[in-house]
Structure formats: C-alpha cells, structure tokens
Amino acid sequence: MTKHTFFKSAAVVVFGLAASLTAMGQTLKIATLPAADSIVLDVAVTEGFFKEQGLDVQTIPFKSALEIGAAMRAGQVDGHFADLMNVLTQNEKGVPQAVILTTTHTSTEQRAFGMCVSPKFADKINALADLKATGSAMSASTIIDYLLDRMSETEKLDASALKKTEVRQIPIRLQMLLSGQIETALLPEPLVTVVEQKGGRTIWDDRKLDEALAVVALKKEHLDEKTVTGFKKAVAAAAARIEAEPEKYRALMVEKRLIPQPVAKNYKMVRFSLFGREDGLPPLPTAQEVERVGKWMVERGMIKSVPKYEAVVWQK
C-alpha cells in the first residue's frame, strides 16, 4: 500500500467513524440565536423528537452570528442556526459545512424581519421617506446587513438615508433602540413585536422579498444521510407540534428568552408550513439565492468567490 493510498483510506475510515458516532448518540451541539424561529430546535429537544431519530442534540444560545462563527472555528459546536452569510464565510475560513434545512423563508403571510423605529422617535419617523442620515443599529456581514441593502434596493432609498452603527449583539441592539440611544434598527421577530408593544413603529418588513432568512447548517463530518435525515425529521415534527399547539410554546419562548413575558400574550406565533411542502418546513435556499448572496459578499470583500451550490447546501 502506498503512503497516498494509506492516508486516503484512513480519511474514509475517520469520516465513517464520525458518521457512526453521530448516529449512535454522540451529542450534536447546535448554536442558536435569539430569533423566534429558533424555538423549533428547542422544541425538538424538549419533546424528544431528536432522540426518536437516534440523535442526541443540545442547543447552545449565542448573542451574535460573530460569536457563533468563532465557536464553529474553535470546534465548540457542531452546527448552527444562523444565516447563509455565516455559512459561506465559515466554509471559506476552513470550516466545511452545509445547510440542511431552512427555518424561515420570506412569506407574504408573516413577517420575519422589520425596520423598527425607537419609541422615542416614533412621532418623527413615520415612513422610510423620513430617514435622512438616521442612526441605525446593525451588524455588518450578517443577514441584517444584507436585508438593509435589499430594503434600500427594493425601496429605492437614498444612499445617505441611514447612518449605520455597528452593534454586534442582538439584545444590546434592542436595548439601545428601546432606550432611544439609536433611532432605528432592523430586527427579527419576535423583537419587532416587542418594539411595537413598547410604543415603537415598524416602517418596513420583509414580506415582499424572496429570501431564505434563517437556516441550520452542520459541519461536514456530520453530513451523513442518517444524521441529516433524522435531524430534518425531528425539526419537522417540532414545527408541526408548534403550529398545532402554539399557546403551549409561548412559555418555552419566554424561558429561552426569545420573547419577554409582558408581550408574549399578544405575540403571533411563528408558522413554518406556509409553503405547501410535504415536510412542513420552508424551502432550502435555491441556487439563485446562493448566487445572489455570494455576489453580495464578494462585492464587500467578505469572501473571495461565490461557492458552488452543492458545496453549501445539502443535496441528498
């Protein structure tokens, strides 16, 4: 046996062993963010849907996509709930991974992200036309940054309409907005509802766009068919359970700090089965979406080239 053949065979054995360990119950640590649709992962854990599929999954909350990226590179987590930008970035930085499912895709029937105005400035900013070098808390190189550009493009906003302020952590972004330290911020649900309940205003949302907004990706060593199929079935079961008993899971959202107790009662629970798919989940990102997001990232120097679709979205 040549040295090349030996190392090639060893690599196959190691990959197969990793897949077998996952299937046998090795704990998969999944990073999450404080967004409404991340509740589907917690429900899949608490209701035992992952265990029914032979998987041991633990969700670990993070406050920003930047922190998740660092944890992925450090080997602290095996996958993550995040956005397509983070997946493409991590792949280029040497952490091979692929999207296995989408938790939120834009829909005319529900908003996922909204441009919110602070309660302190709600009497002055009533529409996008009122934005004139207006302060806006955001996080560069994330879905927030991307959606701000998509908003500006589709609504034909002047380039000087917003004065962007970098605020990485979502909870701090929310607090700055509510306290009037910043005039606006693009936020995910249920935080948009929180702002409205506190006297703020939403002047734009994502319902007219066609984008995969939140996805779950696993590292390459966990991309075997048994693990991916089981993971997707567990999340699909959780999504169906949430839609069947939405009131039951408001308490869990409060416990996971996805929504404050005072506004939980009036929050319209997230829905997943708006797309007529057999599994009851939103569709995976398309090749066109990956191309669009990839080009946007290349233009900003975030990645060097647009990756091949099959390199970042699970195909089997």
Side-chain angles (χ1 to χ4, degrees), residues 11-33 37-60 68-69 71-73 75-92 94-105 212-242 272-273 275 277-287 289-290 293 307-316:
V12 171
V13 171
V14 169
F15 182 82
L17 179 60
S20 298
L21 287 172
T22 299
M24 290 171 62
Q26 178 191 24
T27 300
L28 283 175
K29 296 180 179 179
I30 306 298
T32 63
L33 288 170
D37 49 331
S38 70
I39 190 63
V40 73
L41 295 172
D42 292 313
V43 171
V45 171
T46 59
E47 298 293 349
F49 294 130
F50 283 123
K51 290 193 179 299
E52 287 178 5
Q53 297 298 325
L55 299 174
D56 183 13
V57 175
Q58 176 187 3
T59 55
I60 303 174
I68 286 180
M72 289 284 284
R73 292 191 296 275
Q76 297 172 349
V77 293
D78 304 294
H80 61 119
F81 163 93
D83 53 52
L84 199 53
M85 287 104 245
N86 211 358
V87 174
L88 270 58
T89 297
Q90 291 304 309
N91 266 282
E92 187 163 287
V95 188
Q97 59 192 266
V99 173
I100 63 167
L101 62 88
T102 300
T103 58
T104 293
H105 193 287
L213 299 174
V215 299
V216 173
L218 294 181
K219 286 183 175 178
K220 183 178 180 179
E221 55 263 37
H222 301 295
L223 291 174
D224 61 279
E225 189 168 357
K226 182 175 177 61
T227 299
V228 173
T229 300
F231 199 106
K232 293 173 70 173
K233 285 183 177 179
V235 172
R241 180 69 62 83
I242 292 168
F272 302 91
S273 62
F275 305 89
R277 288 167 49 89
E278 186 176 348
D279 62 5
L281 293 174
L284 285 166
T286 64
E289 287 177 74
V290 172
V293 171
K308 293 183 178 180
Y309 180 69
E310 56 269 21
V312 293
V313 178
W314 174 257
Q315 298 295 297
K316 295 181 181 179

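- Using a 4.0 Å cut-off between a side-chain N of Lys or Arg and a carboxylate O of Asp or Glu, Lys226 and Asp224 do not qualify as a salt bridge.
- A tilted orientation is assigned to the rings of Phe50 and Phe231, their planes being inclined by 30° to 60°.
- What you find for Lys29 and Gln76 is that their closest heavy atoms are CD-O, 3.6 Å.
- A distance of 8.0 Å separates CG in Asp56 from CG in Leu28, rounded to the nearest 0.5 Å.
- The two residues Lys219 and Val95 come nearest to each other via the heavy atoms CE-CG1, 3.8 Å.
- Rounded to the nearest 0.5 Å, atoms OG1 (Thr32) and CD1 (Ile68) are 6.5 Å apart.
- A pairwise comparison of heavy atoms in Leu55 and Gly230 identifies CD1-C, 3.7 Å as the closest pair.
- The two atoms that bring Phe49 and Arg241 nearest to each other are CZ-NH2, 3.4 Å, heavy atoms only.
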Applying side-chain contact (heavy atoms from CB on, under 4.5 Å), run through Val216 and Val235 and close with a yes or a no. CA-CA 10 Å; Val216 173; Val235 172; over 6 Å; no

Below 3.5 Å, can you tabulate the donor-acceptor pairs from side chains in residues 79-89 to any protein atom, sequence neighbours excluded?
residue	atom	partner	partner atom	Å
His80	NE2	Gln97	OE1	2.6
Asp83	OD1	Met85	N	3.1
Asp83	OD1	Asn86	N	2.8
Asp83	OD2	Ile143	N	3.1
Asn86	ND2	Ala65	O	3.3
Thr89	OG1	Met85	O	2.9

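- The number of heavy-atom neighbours closer than 6.0 Å to CD of Gln58, taken from other residues, nucleotides and ligands shown, is above 12.
- The OG1 atom of Thr227 sits 9.0 Å away from the CD1 atom of Ile100 when rounded to the nearest 0.5 Å.
- Counting all heavy atoms, side chain and backbone alike, Pro285 lies closest to Ala212 at CG-CB, 3.8 Å.
- In this structure, Met72 CE and Asn91 CG are separated by 8.5 Å, a value rounded to the nearest 0.5 Å.
- Of all non-hydrogen atoms in Tyr309 and Gln315, the two that sit nearest each other are CE2-NE2, 3.2 Å.
- Within 6.0 Å of NZ on Lys232 lie more than 12 heavy atoms contributed by other residues, nucleotides or ligands.
- Residues satisfying the salt bridge (Lys or Arg N to Asp or Glu O under 4.0 Å) criterion with Glu289, sequence neighbours excluded, are absent altogether.
- Here the options are Leu223, Leu218, Leu101, Val99, the test is side-chain contact (heavy atoms from CB on, under 4.5 Å), and the partner is Trp314; only Leu223 passes.
- Residue Ile30 holds its CD1 atom at 9.0 Å from OG1 of Thr59, rounded to the nearest 0.5 Å.
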